[in-house]
**Student:** 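The structure that follows is given in the form of C-alpha cells.
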Amino acid sequence: MTIELSKGYDPTDVEPRWYAEWIRAGHFNAEDTGDAANAYCIAIPPPNVTGSLHMGHALFSTIQDALIRTARMRGFNTLWQPGVDHAGIATEVVVSRLLASEGTSRKELGRERFLQRVWQWKEQSGGRITEQLRTMGASPDWSRERFTMDEQCSRAVREAFVRLYEEGLIYRGERLVNWSVKAQTVISDLEVERAEEDGELFSFAYLFADGSGEIIVATTRPETILGDTAVAVHPDDPRYKDAIGKQLKCPFADRTIPVIADSVLVDMKFGTGAVKVTPAHDFNDYETGRRHSLPFINILNLDGTLNENGAAFAGRDRFDARKAVKKALDEMGLARERKQHRLSIAREARTADILEPMLLPQWYVHAKPLADKALAAVREGKTTIEPEEWVKTWEHWLTNIQEWCISRQLWWGHQIPAWYCDACKEITVARTTPSKCSKCGHTSLKQESDVLDTWFSSALWPFSTLGWPDKTKALETFYPTSVMETGYDILFFWVARMMMFGIHFMGEVPFKRVLLHGMVCDERGEKMSKVKGNVIDPLHLIHGATLPTIVEAASQRGTSAEDALKKFKQCYPSYAERGEGFAAFGADAVRFYLATNPPQATRINLQLRQVERARNFANKLWNATRFALPYLEPLFDEGADGSMPSAAEMSPADRWIVARLAAATEEVNRGLDEFRLDECSTAIRRFFWDELCDWYLELSKPVLNGADERAKSTTRRVLARCLEASFRLLHPIMPFVTEELWQKLPASVRAPRANGAVATHVCVAKFGAIGDYARDEAAERALAFVQGVITAARNIRGELGIKQKDAIALRVRPASDEQRALLTQYDAQIRALTIASGVTIEAPGRRPRGVGFAVVEGAEVIVPLAGLIDPAAEQARLEKEIAKGKKDLEKVNKQLSNENFIARAAVEAVQSTRDEAASLAARLGKLEEALAVVREADAR
RNA sequence: GCGGGCAUAACUCAGCGGUAGAGUGCGACCUUCACACGGUCGAAGUCACAGGUUCAAAUCCUGUUGCCCGCACCA
C-alpha cells in the first residue's frame, strides 16, 4: 500500500473534516465521575451572545484549547465548559436598532413582547461565535453548553441574590451613578470609558445676595448651575476670607446658596480658586455636599432633558440647555470668560453617549467583605495569578474596592427578585414570586423592574454552569476548576468577582490558577477598532480573503474603499506593501502564531508574516511526512514491529535525534505547565524543522536508500516514531494538521491512550511525557562533530564562492579514533551534504597548500581549491576567522588572569573557562599555521 | 498626582548573574529526486543612559531620560 500526499498542505480540505470526526467520536465529552483528583476543568470566559469571532477570542480559544487538549491527552477527565453570556446593554442596543429599522421601538412593544423579540433574535443570530470557535478547533463539551439566561443559570442568579440580600450584603441605596441617556441605564464605574477631549471652560459671576460684589466661578457644564447648592473656596485663601458664609444669588432661581470653605474640593491655584458645587451631578461635589450637608438638587430627567428644577430651561435637552444657559448669562451680564479646555469625558462604551452623574436609587453589593476573602485567597496561595506581574494590580484594586452597583435599567437580563408592597412600601426579596408582602401581608406587590448587571451572572459562571445551587456530581467532579484563562483587561470585571462569589457561595476558590493574556493589536501596537480600520477577522486568515474583502471588514461601514485601504496599509505596513490578500492559512497557523507570543506581553502586535510562517510550518510537517511515508511501508504490514529500537540497535544519528526529541518533550511539557506556550511552539518547531528535517532526514536518506536492511529497519522506526511523537507534542497547538498526519502513519508506531487502550485519534493519544525518550550525551557529541564537519565545509564553499555544481575533494584530519570512525560511518552523508566527491581521511603531517581550512572539535577540515577558485581568496577568510578567534581568546585569557576570578568564582566556572581557553588556543594555532601556508604559497 | 510595566539586530520579541538568541527582513548562491510555503552561506547589536553591588551584570540595586498601561484629578 502506498499513501500519496499532495505536494502542498491544504488546510481548507483537512480542518472541517477532523472537527466533525472528533465530535462524532465524542472525544470532547466529560464525565461526572465524582473523582476530582483526575478531573481537569476550564470554564470558558463566556463571549457575548452578540459577538462574532475576533482576535481576542482566537487568542483565548487557542490558549485554553491547548491546555484542555493537553490535559485530555494526559488522560484527565477533561471539561472545557462552553457558553455565552446575555450581554445586557449590547443585546438591547442590537435589538433596538433592529426594531428601529422596522419602524417600531422597545417602548412601543412593551417589556413582554420586547423580551420575546430578543429571544427570537438570540435563537436566530445570537451565539454565532460558538460556530466560529469550532472553526478554531476549540474542543469544549458542547453537550453542556450554557447561556447566562437559561433556566439553570437564572436559578443560580436568583439564589445568589436572595442569599446575599438575606446576609445583608445586597442593599438598595441612593448614590450618585453614571447614567446613560442613550442606553437608558446606569453603568458601573468599571465600564466608563474616559478620554481627553476638547471642551470649553466657561466663567461667570455669582453675585452676593447683599449686593457686595461677585465671585467668579468656571464650569464646563454651565447647565448644572441650576443644581448648584453652594460655591466653595479654600479656607486658607485670603481672597475669599470674608466671603465665607455669605449668600449668593442664583441667577435663574429665586434662592440663594452659601459660600463654603472646603480644602478637599478646592485647589487655590486652579482658575479663580472658587468652585461651584452641584452635589447631585458631580462625584466630587457629591462628597462635598455630604460633608457640608448641602441640599441635593436633581435637574435632569432620565431622558436627558431638564426637569422642573430647570426653571426656564425645563424640558430642554441637556446640550441645548447648556447653550441657552450661556446665552442667558451673557444677556444678564454675568458671563465672564470662555476658553478652550482639555478635559476628560466619560462615555458609555456601546453607545458613546456622554454619561451623566445622577442621583438614583440602585441595588448594590457590599463588596468589601467579599473582596477581603478574594485577597486572602491569593495571598495564601489558594489561587495563583500568572504572569505574577498582575498580582500587584489585583491587590491594589481589591484593597480599594468600591461598592458594586448591580442594577441596570434594562429589560434584557435577570429581573431583580424584589417586590415592593403597594401598601407598606416594604421590599420582599424571594426565590419565587411571593403572593403577599412579607411585612404587612398585603397582596398587591410589584416586582422591581430593574435587571441585574450581566457580570453578576457571569460571576457565578464557574459553578452555576455545573448545576449550583444543587449539589451535583458535576460540581463534585469539577469544582474548583483547574484554570481560569482570560485577558488581563477583565481581571476586575470578572475574575475578581468570580473569586468573590466562588469563595462566598462554594466555600472554596473557583479556580486554582488564573492565567492572563494580553490584547491582540495591529502591527504598530494600536488596539484594533473599526474606527482605526485595523480590525483583522481571524476567519479571513483561516479561510483566506482578498485584499478588498479584508480592508472592507477592517473599517467602519461607510468608509470609502480608498480610505480604508490607506488606513489598513498604515496599520500593517510590512504586509500591506505586498498588496495581496490572505491565502487560506488555516486555523492551525493562526493558533500556532498566537501561541508564539509570551503571556507577559500586554500587547500582541499582529505580525501577518508570522501567520504565514506558521502556515509554512504546517506545510513542512506535511512534506516531511510525504517524504517519509514511502519508506515506512513495511511498518503498515500486519503484525509489523513499530517499536522504538533499543539504543544498541541505533546509529549515533538515530540516538541523537531521539535525544533531541527527549529534550523537546521536556521543553514542551515545561512550557505547558508554566503557561509558556511560546516556549512550547519554539521547542517543537526547532525540533521538527531544524533537527528532524534539516539534519536527521538528510542523514537518513543514504541509509533508507541503502542496502543495509537492519540499519534501514532501525532508521525507519526511529523516523516514524519521531514524526508520531512530534504530532502528539504539537497537537494541542495545531490540532488539525497533526491529526491528519498522525492518521497517515502506520498503526504500529502510533501511541496508545494514556490508559493503554488503542487511540483512534491523536487527540486522545497519550501526551509525550518527560522520560519517554532517553537523553544521550555521547550521541550529541558525535553528531556535533559530524554536523560541524559538514557546516565547516559548507561554510568554506559558501564564503569562497565555490559553485554548487563543483564537487570538492574533502579531506579531514580527525583528532581522535572516534572521529575517524564517524567520518567513515557518515562518509555518504558528508559527501551528499557538502557536495563532495569523497571524504579522505588525512594522515598527520604538514598542511597542504591551496586549500580551504577549518578546525572542528580539534579535527582539521581541508578543502582543496585547485581548479575551483583562486586559493588566495582563502587568505582573507582565514584572517577573518583568526581575528575572531583572537578576540575570543583574549577575552577568556583576561578572565583567567584575574586572580579574583580564580579565587572566588565557582570551580566549574573556572574549569570551563580554562577548557574554553585551551580549545580556542589550539584552534587558533591551527588556523595560523594554515594561514602561513597560504601566504607561503602566495609568495611563490 | 499615585501605582505598575517596558527600553536587547532594520522590525516583532525571547533571554533575566557566567563568552549576545529566535523569527521576519536584508545580501549572495541554489530549482539536487519531501517541501521555493524550500535549501545553503553570510552581514547585522558599546543589550536606553549614568552610577553601584559582584571575581563576573543585558540579567541584581539606585538614579536619569523616553515610551506604555491602570487609578485619581482636570471647577
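What you see is a predicted model, and the numbers here were worked out from it, not measured in a lab. Per chain, numbering begins at 1; letters A, B, ... match sequence-line order.
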**Student:** Kindly assign one of parallel, tilted or perpendicular to the pair A:Tyr488 and A:Trp390, based on the angle between their ring planes and the thresholds 30° and 60°.
**Tutor:**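 Geometry flag for A:Trp390 against A:Tyr488: parallel rings.
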**Student:** Just do the side-chain hydrogen bond (donor to acceptor under 3.5 Å, both in side chains) check on A:Gln911 and A:Asp915 with the steps written out, would you?
**Tutor:** CA-CA 6 Å; A:Gln911 191 51 49; A:Asp915 294 347; 2.9 Å; yes
**Student:** Just compare B:G5, B:C37, B:C74 and give me whichever is closest to any side-chain atom of A:Arg615.
**Tutor:** B:C37
**Student:** Within the structure shown, what part of the strands sits under 4.0 Å from A:Arg676 by heavy-atom distance: base, sugar-phosphate, or nothing?
**Tutor:**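 Touches sugar-phosphate only.
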**Student:** Have a look at A:Arg609 and say if it touches a base, only the backbone sugar-phosphate, or nothing, with a 4.0 Å heavy-atom cut-off.
**Tutor:** sugar-phosphate
**Student:** I'd like to know if A:Arg794 reaches the base of B:C41 with its side chain, counting only an N/O donor and acceptor under 3.5 Å.
**Tutor:** no
**Student:** Could A:Lys744 and A:Glu740 be called an ion pair, given the rule that one side-chain N must be under 4.0 Å from one carboxylate O?
**Tutor:** yes
**Student:** Considering only atom P, compute the distance from B:G52 to B:G1 and round it to an integer number of Å.
**Tutor:**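 To the nearest whole Å, 29 Å.
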**Student:** May I ask you to say what A:Thr220 touches in the nucleic acid, namely base, sugar-phosphate or nothing, with a heavy-atom cut-off under 4.0 Å?
**Tutor:** sugar-phosphate
**Student:** Report the distance from atom CD of A:Glu799 to atom P of B:A28, rounded to the nearest whole Å.
**Tutor:**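 From A:Glu799 CD to B:A28 P: 16 Å.
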**Student:** Please, what dot-bracket string fits RNA chain B when only Watson-Crick and G-U pairs with both distances under 3.5 Å count, crossing ones use [ ] and pairs to another strand use |?
**Tutor:** ((((((((.[[[[.)..(..]]]].(((((.......))))).....[[[[[..)....]]]]])))))))....
**Student:** Among B:C13, B:U19, B:G5, which nucleotide sits nearest the side chain of A:Glu389?
**Tutor:** B:G5
**Student:** With a 4.0 Å cut-off on heavy atoms, is A:Glu916 in touch with a base, just the backbone sugar-phosphate, or nothing at all?
**Tutor:** base
**Student:** Once the angle between the rings of A:Phe617 and A:Trp689 is folded into 0 to 90°, is it parallel (under 30°), tilted (30 to 60°) or perpendicular (over 60°)?
**Tutor:** parallel
**Student:** I need the CG-C1' distance between A:Leu594 and B:C13, as an integer number of Å.
**Tutor:**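 Rounding to the nearest Å, CG of A:Leu594 and C1' of B:C13 are 15 Å apart.
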**Student:** Can you check the A:Glu667 CD to B:A14 P distance for me, whole Å?
**Tutor:**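 It is 18 Å, rounded to the nearest whole Å.
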**Student:** When you check the side-chain N and O atoms of A:Arg685 and A:Thr682, is any donor under 3.5 Å from an acceptor?
**Tutor:** no
**Student:** What is the distance, rounded to the nearest whole Å, between atom CG of A:Asp489 and atom C1' of B:G5?
**Tutor:** 16 Å
**Student:** Take the protein atom CD of A:Glu523 and the nucleotide atom C1' of B:C13, then report the distance between them rounded to whole Å.
**Tutor:**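 In whole Å, B:C13 C1' lies 13 Å from A:Glu523 CD.
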**Student:** Rounded to whole angstrom, note down the C1' distance from B:A56 over to B:C16.
**Tutor:**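 The same atom, C1', in both gives a distance of 15 Å.
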**Student:** Starting at atom CZ of A:Phe283, determine the distance to atom P of B:C73, rounded to an integer number of angstrom.
**Tutor:**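 From A:Phe283 CZ to B:C73 P: 9 Å.
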**Student:** Examine the base of B:C11 for any acceptor or donor lying under 3.5 Å from a partner atom in the side chain of A:Ser574, and report the outcome as yes or no.
**Tutor:**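 Under the 3.5 Å cut-off, the side chain and the base do not form any donor-acceptor pair.
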**Student:** Test of understanding: with salt bridge (Lys or Arg N to Asp or Glu O under 4.0 Å), list the residues that count as partners of A:Glu523, not counting sequence neighbours.
**Tutor:** none
**Student:** For A:Phe592 and A:Phe585, I'd like to know if the aromatic rings sit close, meaning centre-to-centre distance below 6.0 Å.
**Tutor:** no
**Student:** I'd like to know whether A:Tyr631 forms a side-chain hydrogen bond (donor to acceptor under 3.5 Å, both in side chains) with A:Asn705, so could you lay out the CA-CA distance, the side-chain angles of the two residues, the decisive distance to 0.1 Å, and finally the verdict.
**Tutor:** CA-CA 9 Å; A:Tyr631 295 105; A:Asn705 292 319; 2.9 Å; yes
**Student:** Could you give the distance separating B:C47 and B:A57 at their P atoms, to the nearest angstrom?
**Tutor:** 12 Å
**Student:** Identify whether any heavy atom of A:Asn400 sits under 4.0 Å from a base atom; if not, whether one sits that close to sugar-phosphate; answer base, sugar-phosphate or nothing.
**Tutor:** nothing
**Student:** Do the side chains of A:Lys532 and A:Asp522 get close enough for a salt bridge, i.e. N-O under 4.0 angstrom?
**Tutor:** no
**Student:** If the C1' atom of B:U64 is compared with that of B:C6, how far apart are they to the nearest Å?
**Tutor:**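 Result for the C1' pair: 16 Å, nearest Å.
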**Student:** Using a cut-off of less than 4.0 Å, is there contact between a side-chain N or O of A:Lys891 and OP1 or OP2 of B:A20?
**Tutor:** yes
**Student:** Output the single nucleotide from B:C73, B:C68, B:G15 whose closest atom is nearest the side chain of A:Arg603.
**Tutor:**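 Per side-chain heavy atoms of A:Arg603, the pick is B:C68.
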**Student:** For A:Thr393, which contact category applies under a 4.0 Å heavy-atom criterion: base, sugar-phosphate, or nothing?
**Tutor:** nothing
**Student:** Using a cut-off of 4.0 Å on non-hydrogen atoms, how would the nucleic acid contact of A:Thr278 be classed: base, sugar-phosphate, or nothing?
**Tutor:**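 A:Thr278: no heavy atom of the nucleic acid under 4.0 Å.
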**Student:** Using atom names, set out every protein N or O paired with an N or O of nucleotides 32-36 of chain B below 3.5 Å, distance rounded to 0.1 Å.
**Tutor:**
{"unit_1": "B:A34", "atom_1": "O3'", "unit_2": "A:Arg626", "atom_2": "NH1", "d": "3.2"}
{"unit_1": "B:A34", "atom_1": "O2'", "unit_2": "A:Asn623", "atom_2": "OD1", "d": "2.4"}
{"unit_1": "B:A34", "atom_1": "O2'", "unit_2": "A:Arg626", "atom_2": "NH1", "d": "2.9"}
{"unit_1": "B:A34", "atom_1": "N7", "unit_2": "A:Lys701", "atom_2": "NZ", "d": "3.4"}
{"unit_1": "B:A34", "atom_1": "N6", "unit_2": "A:Glu698", "atom_2": "OE2", "d": "3.1"}
{"unit_1": "B:A34", "atom_1": "N3", "unit_2": "A:Asn623", "atom_2": "O", "d": "3.2"}
{"unit_1": "B:A34", "atom_1": "N3", "unit_2": "A:Ala624", "atom_2": "N", "d": "3.4"}
{"unit_1": "B:C35", "atom_1": "O4'", "unit_2": "A:Asn623", "atom_2": "OD1", "d": "3.0"}
{"unit_1": "B:C35", "atom_1": "O4'", "unit_2": "A:Asn623", "atom_2": "ND2", "d": "3.4"}
{"unit_1": "B:C35", "atom_1": "O2'", "unit_2": "A:Asn619", "atom_2": "ND2", "d": "3.1"}
{"unit_1": "B:C35", "atom_1": "O2", "unit_2": "A:Lys620", "atom_2": "NZ", "d": "2.9"}
{"unit_1": "B:C35", "atom_1": "N3", "unit_2": "A:Lys620", "atom_2": "NZ", "d": "2.8"}

**Student:** Would you mind classifying the nucleic acid contact of A:Gln895 as base, sugar-phosphate or nothing, using non-hydrogen atoms under 4.0 angstrom?
**Tutor:**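 Base contact.
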**Student:** Give A:Arg686 one of three labels, base, sugar-phosphate or nothing, depending on what nucleic acid heavy atoms sit under 4.0 Å from its own.
**Tutor:**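 A:Arg686: no heavy atom of the nucleic acid under 4.0 Å.
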**Student:** Where the side chain of A:Asn795 is concerned, which of B:C41, B:U12, B:C73 is the nearest nucleotide?
**Tutor:** B:C41
**Student:** For the pair made of OH in A:Tyr593 and P in B:U12, what is the distance, rounded to whole Å?
**Tutor:** 12 Å
